[in-house]
Q: 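Just passing along the structure, written as structure tokens.
Both backbone and side-chain heavy atoms feed into the values below; hydrogens, waters and symmetry mates do not.
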Protein chains: 2
Amino acid sequence: MVAMDAKQPDLTRDKLLRAAFGEIHRQGFQAASIANILADTGFTKGALYHHFPTKQALGLAVIEEVIYGYLDGLIFKALGESDRPVETLLEIISISGAQTDRESICLGCPLNNLMQEMSPLDEAFKDCLNAILINWKGAVEQALLRGKEQRVIRSDVDCGAAALFVVSAWEGCVGTAKNLQSAEAYGLCMLQLHGFVSSLMI
Amino acid sequence: MVAMDAKQPDLTRDKLLRAAFGEIHRQGFQAASIANILADTGFTKGALYHHFPTKQALGLAVIEEVIYGYLDGLIFKALGESDRPVETLLEIISISGAQTDRESICLGCPLNNLMQEMSPLDEAFKDCLNAILINWKGAVEQALLRGKEQRVIRSDVDCGAAALFVVSAWEGCVGTAKNLQSAEAYGLCMLQLHGFVSSLMI
DNA sequence: ACCATTACATACCGAACGGTATGGATGTGT
DNA sequence: ACACATCCATACCGTTCGGTATGTAATGGT
């Protein structure tokens, strides 16, 4: 064994986590089968229940690590680090609407899927998911507020409400596109959202 | 027995259907327990499986009869029969945003819940739900088109895309409000949607 | 009045589920 | 080299699930 960038146990945990994410993304959390996750990874129950005490803990770990990590890398950081946040927001919306592949469309947003399924049933899930949702809304709100300072967003805009709506509509667009199984519908829908954000500008 | 407005079997079917709707609305379809539905109604499996061949058929009946009936009575008919459809659309959005009770917020839109959960898993569900979604979108689109004729909607508006976005954002607002468990957030969000529709007007 | 169909109740089935108890292998610090 | 915790595999458990087979009471047409 010459080199091993990560320790074996962590690798196992990662594989389980990724497989769990896929299974949950496809089936939803409740319908997600532990047996399927194990079959995908080749591990057994001993491994899984060593790293995660319950199925719920596994689900929460998927949310906090995989899902949050994805959105953070794709949206939150980009908005926070941009010098022209409004422009960046519009770009993200445009790009997402244009180049989201069919499979992602059909499976929907992992965050939204879990929110719709689990929030009324499990408080831990609700809190965990809401934290991400509020983070998302906050990132958009900060982008709009900074846009105000830069005089590209109208001064009469309620940035908090607008940000909440942008995130809501965003999720809504993913949701309907998922049902229609149409990337084209998603593009059309996101174009309207683009128009809404533009309408907030000077 | 002096009078009986409905036949006994139909009454049984209705009770089962309503109980099934409630259970599905609370738990989702897959997690909805046949046993719970039977416990709620006092019937047994013999009754349920006499009226519905499978759980899937029960779910589809809930969609086609209960859910569609609800949306049709609340939205589709109102839009179709109105002389000033755009005004009516804005009214529905305003009223919905203002007076939706907390319980409805927390459980979310039954249509959206089922779409997110079932569309990728079951084609029959997908088709059934999409039919309602397209109906909804069509009703809004017709309202906007008639608004164009009445010269209250700008002539450059893409009514199809706008209608798709309105429905998407609508569902999105319900979704986020459901997670935040906040009727106030729903009101704020729907106010923004109201603003979007208004921005389509002359 | 008779018979067939409808409308339910009861008891039961196989499968899949999440979770656990136990045991062995593999490092790891001392 | 020894003790010990970490890591994972195997076998098993109780429960719940959707669905079915069978039986029986009510109903409705003739």
Q: Which residues pass the salt bridge (charged side-chain N to carboxylate O under 4.0 Å, His left out) test with A:Asp40, sequence neighbours left out?
A: A:Arg26

Q: If the sugar-phosphate is the primed atoms plus P, OP1 and OP2 and the base is the rest, what is the B/S/- string for nucleotides 18-23 of chain C, using protein heavy atoms under 4.0 Å?
A: BBB---

Q: Side chains of B:Leu114 and B:Ile67, heavy atoms from C-beta outward: is any pair under 4.5 Å?
A: yes

Q: Heavy atom of residues 116-127 of chain B under 4.0 Å from DNA chain D: which residues?
A: none

Q: Starting at CG of A:Asp10 and ending at P of C:dG27, how long is that distance when rounded to a whole Å?
A: 14 Å

Q: Do A:Gln30 and B:Gln30 meet the criterion of a side-chain donor-acceptor pair at a distance under 3.5 Å?
A: no

Q: Under the ring-ring contact (aromatic ring centres under 6.0 Å, His included) rule, what pairs show up with a residue in residues 20-39 of chain B, not counting sequence neighbours?
A: B:Phe21-B:His25, B:Phe29-B:Phe125

Q: Could I get the full list of side-chain contact (heavy atoms from CB on, under 4.5 Å) partners for A:Gln27, not counting sequence neighbours?
A: A:Glu23, A:Ala31, B:Leu121

Q: Provide a list of protein-nucleic acid N or O atom pairs under 3.5 angstrom, restricted to nucleotides 3-5 of chain D.
A:
none

Q: Using a strict 4.0 Å threshold on nitrogen-to-oxygen distance, state whether B:Arg102 and B:Glu184 make a salt bridge.
A: no

Q: Considering just the side-chain nitrogens and oxygens of A:His50, establish if one lies under 4.0 Å of OP1 or OP2 belonging to D:dC7.
A: yes

Q: Of all residues at least two apart in sequence or in a different chain, which pass the salt bridge (charged side-chain N to carboxylate O under 4.0 Å, His left out) check with A:Arg154?
A: A:Asp156

Q: Applying salt bridge (charged side-chain N to carboxylate O under 4.0 Å, His left out), name anything that partners B:Glu64, two or more places apart in sequence or on another chain.
A: none

Q: Run the side-chain donor-acceptor check on residues 68-80 of chain A: report pairs under 3.5 Å with partners two or more places apart or on a different chain.
A:
| from | atom 1 | to | atom 2 | distance (Å) |
| --- | --- | --- | --- | --- |
| A:Tyr68 | OH | A:Asn135 | ND2 | 3.4 |

Q: Do the side-chain N and O atoms of A:Tyr186 and A:Ser96 include a donor-acceptor pair separated by under 3.5 angstrom?
A: yes

Q: Round to the nearest Å and state the distance from B:Leu48 atom CG to D:dC17 atom C1'.
A: 14 Å

Q: What's the closest nucleotide to the B:His51 side chain, out of C:dC8, C:dA9, D:dT6?
A: C:dC8

Q: Distance check needed: D:dC8 C1' versus A:Arg13 CZ, whole Å only.
A: 16 Å

Q: Identify each donor-acceptor pair in which a side-chain atom of residues 171-181 of chain A lies under 3.5 Å from a protein atom, sequence neighbours left out, and give them as a table.
A:
| from | atom 1 | to | atom 2 | distance (Å) |
| --- | --- | --- | --- | --- |
| A:Thr176 | OG1 | A:Gly172 | O | 3.3 |
| A:Thr176 | OG1 | A:Cys173 | O | 3.2 |
| A:Thr176 | OG1 | B:Ser168 | OG | 2.7 |
| A:Lys178 | NZ | A:Asn113 | OD1 | 3.0 |
| A:Lys178 | NZ | B:Gln116 | O | 2.5 |
| A:Asn179 | ND2 | B:Met115 | O | 3.0 |
| A:Asn179 | ND2 | B:Ser119 | OG | 2.6 |

Q: Whole angstrom is fine here: how far is it from CG in B:Leu11 over to P in C:dC8?
A: 10 Å

Q: In chain order, what residues pass the salt bridge (charged side-chain N to carboxylate O under 4.0 Å, His left out) check against B:Glu91, with sequence neighbours excluded?
A: none

Q: Let me spell it out: for each of A:Asn36 and B:Ala47, pick the nucleotide of DNA chain C with the closest heavy atom. Which residue's pick is nearer the 5' end?
A: B:Ala47

Q: A:Asp14 has an atom CG; how far is it from atom P of D:dC7, in whole Å?
A: 13 Å

Q: Using the ring-ring contact (aromatic ring centres under 6.0 Å, His included) rule, pick out the option among A:Phe165, A:Trp136, A:Phe196 that qualifies with A:Trp170.
A: A:Trp136

Q: Take atom CZ of B:Phe52 and atom P of D:dG18, then tell me their distance rounded to the nearest Å.
A: 15 Å

Q: Is the shortest heavy-atom distance from the side chain of B:Gln192 to the side chain of A:Leu164 under 4.5 Å?
A: no

Q: Quantified as the angle between the terminal helix axes (five pairs each), what is the overall bend of the helix from C:dA1-D:dT30 to C:dG23-D:dC8 to 10 degrees?
A: 10°

